[in-house]
2 protein chains.
Amino acid sequence: MSETKDRPYHHGDLRRALIDTALAMLAADQNWTFTLREVARRTGVSHAAPYKHFRDKGALLRELARIGFVQLGETIIAAMSSNLPSSRAQFMAAAQACIAFALGNSGLYRLMFSSDADKTIDPQLHDAAMNTFRILLQLLEKGQQDGSFRKVAINAQAAASWAQVHGLAMLAISNQLLEEKVGPAPVPAALDVLLDGLCCQK
Amino acid sequence: MSETKDRPYHHGDLRRALIDTALAMLAADQNWTFTLREVARRTGVSHAAPYKHFRDKGALLRELARIGFVQLGETIIAAMSSNLPSSRAQFMAAAQACIAFALGNSGLYRLMFSSDADKTIDPQLHDAAMNTFRILLQLLEKGQQDGSFRKVAINAQAAASWAQVHGLAMLAISNQLLEEKVGPAPVPAALDVLLDGLCCQK
DNA sequence: CCTCCATGTTTACAGGAGAAACTTATGGGA
DNA sequence: TCCCATAAGTTTCTCCTGTAAACATGGAGG
């Protein structure tokens with residue numbers, strides 16, 4: 001049959017193909033209401049095939065979220081690696097990179113922090129999220145050591161920072177920072193409020 | 001027929017009954033994966049009846065979220081109304097009340113801020129959320145006037161505070177504040193970090 | 001060369017969403 | 001007073017989804 005090349009019985013890397021399709025759909029409509037059958041259909045495969053690679057739709061979503069955390073981590077690290085003068089500047093760059101990522105991939109970002117990406121039942125996802133979180137911890141530690149940040153319980157600072165950045169990202173995604181007539185650059189302004197509490201010099 | 005009293009053809013206030021059932025289910029399993037049919041079933045009504053009151057499941061969810069915002073607002077106001085010495089203390093009380101509400105109604109709280117409660121397509125929901133947000137704005141304004149808070153663009157402070165409190169609430173809900181071995185009282189500690197940036201006196 | 005077994009496919013079924021058509025009370029004119 | 005328009009429920013129907021089970025295929029190892 002001439003279709004052998006077009007569609008060999010064994011796909012080769014269906015798992016990856018399904019992920020790519022789902023990622024594309026997620027990016028296209030910025031939500032994850034697509035059905036597993038639709039993903040299979042677009043990947044050109046029978047509707048039951050995905051079950052050989054993912055226990056259920058949730059497992060696929062968690063894998064997407066895991067990839068998202070890896071990408072976010074890379075994005076943040078890239079933003080920090082440019083030669084920046086101070087820890088404060090580095091923090092600002094990292095936070096803004098995170099928020100930019102959220103804005104550019106709002107569907108994926110929301111999925112990453114949604115209850116559909118339950119980290120308590122997926123160690124791999126949990127680890128990926130933790131690794132990204134650790135970037136923040138290391139930045140805070142360095143900042144405390146070089147005298148930029150106040151020497152307070154590191155976890156309180158981490159919780160405050162993480163909460164702040166994530167909260168801003170979510171507000172930014174849902175347009176709440178524009179609609180309410182916040183100033184021209186609400187994100188750095190809000191981050192400055194936090195950094196004023198974080199940094200030694202007022 | 002003897003059933004007239006048990007189940008009159010017209011329910012009386014089915015809309016309210018559906019909301020109550022859904023609210024109960026939301027509280028019971030802290031998620032909103034229930035089906036509309038299940039809600040109808042438990043309310044003792046045919047599966048199509050809810051459509052007379054809600055366009056679809058989303059409409060019901062948004063109404064639940066709206067109620068949640070009203071309740072949250074009342075909770076916060078109650079927490080602030082106790083005689084507190086300073087604006088800083090009042091802010092702390094309001095923030096902690098918000099986080100306590102989130103912990104005590106994690107399903108509802110997550111729904112309120114999820115994409116399933118889309119504020120851009122539901123003016124009533126949007127207004128309810130805005131009203132609750134306004135409590136924070138007023139508190140910040142008062143704090144700036146009485147000299148407690150720095151006189152910075154009010155919206156930057158509001159965005160920072162809102163993001164912070166909401167972020168902490170989400171972290172608290174998903175147990176991320178305990179698992180990562182944060183100190184004994186991570187929430188006030190993190191809020192102190194923010195308040196240090198907010199307040200005039202360091 | 002032949003035979004497993006991972007990877008696909010087909011078939012089957014229990015629900016769910018929602019539309020349409022039908023039924024029942026109820027209250028506001030004629 | 002009667003009567004019917006209408007709001008509020010119900011029944012029925014169609015399409016779709018998730019998921020399980022049984023079957024097919026072909027590539028890699030003995």
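Letters A, B, ... mirror the listed sequences (proteins, then strands); counts begin at 1.
- A:Arg55 comes within contact range of no nucleotide atom at all, as no heavy-atom separation falls under 4.0 Å.
- A:Arg88 has a carboxylate O that lies under 4.0 Å from a charged side-chain N of A:Asp192, or vice versa, which qualifies the two as a salt bridge.
- DNA chain C is contacted by no residue of residues 22-33 of chain A, taking any non-hydrogen atom closer than 4.0 Å.
- The nearest whole Å value for the distance from the NZ atom in B:Lys57 to the C1' atom in C:dG15 is 14 Å.
- Put simply, CG on B:Leu64 and CZ on B:Phe69 are 12.5 Å apart, with the number rounded to the nearest 0.5 Å.
- Checking the phosphate oxygens (OP1, OP2) of C:dG18, no side-chain nitrogen or oxygen of B:His47 falls inside 4.0 Å.
- Spacing between atom CZ of B:Arg41 and atom P of D:dT11 amounts to 14 Å, rounded to whole angstrom units.
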Which dot-bracket notation, 5' to 3', represents the base pairing of DNA chain C when pairs are defined as Watson-Crick or G-U with both distances under 3.5 Å, crossing pairs as [ ], and inter-strand pairs as |? ||||||||||||||||||||||||||||||
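- Ion pair B:Arg42/B:Asp20 not flagged as a salt bridge, since none of the NZ, NE, NH1 or NH2 atoms sits closer than 4.0 Å to an Asp/Glu carboxylate oxygen.
- Distance OH (A:Tyr51) to C1' (D:dG18): 4 Å, rounded to an integer number of Å.
- Within 6.0 Å of the CD atom in B:Gln124, the count of heavy atoms belonging to other residues, nucleotides or ligands does not exceed 12.
- Candidate nucleotides C:dA19, D:dA21, D:dG18 were compared by shortest atom distance to the side chain of B:Ala48, and C:dA19 ranks first.
- Salt bridge annotation for B:Asp196-A:Arg150: present, with a cationic side-chain nitrogen under 4.0 angstrom from a carboxylate oxygen.
- At a threshold of 4.0 angstrom between heavy atoms, the contacts of A:Ser46 include nucleobase atoms, whether or not backbone atoms are also involved.
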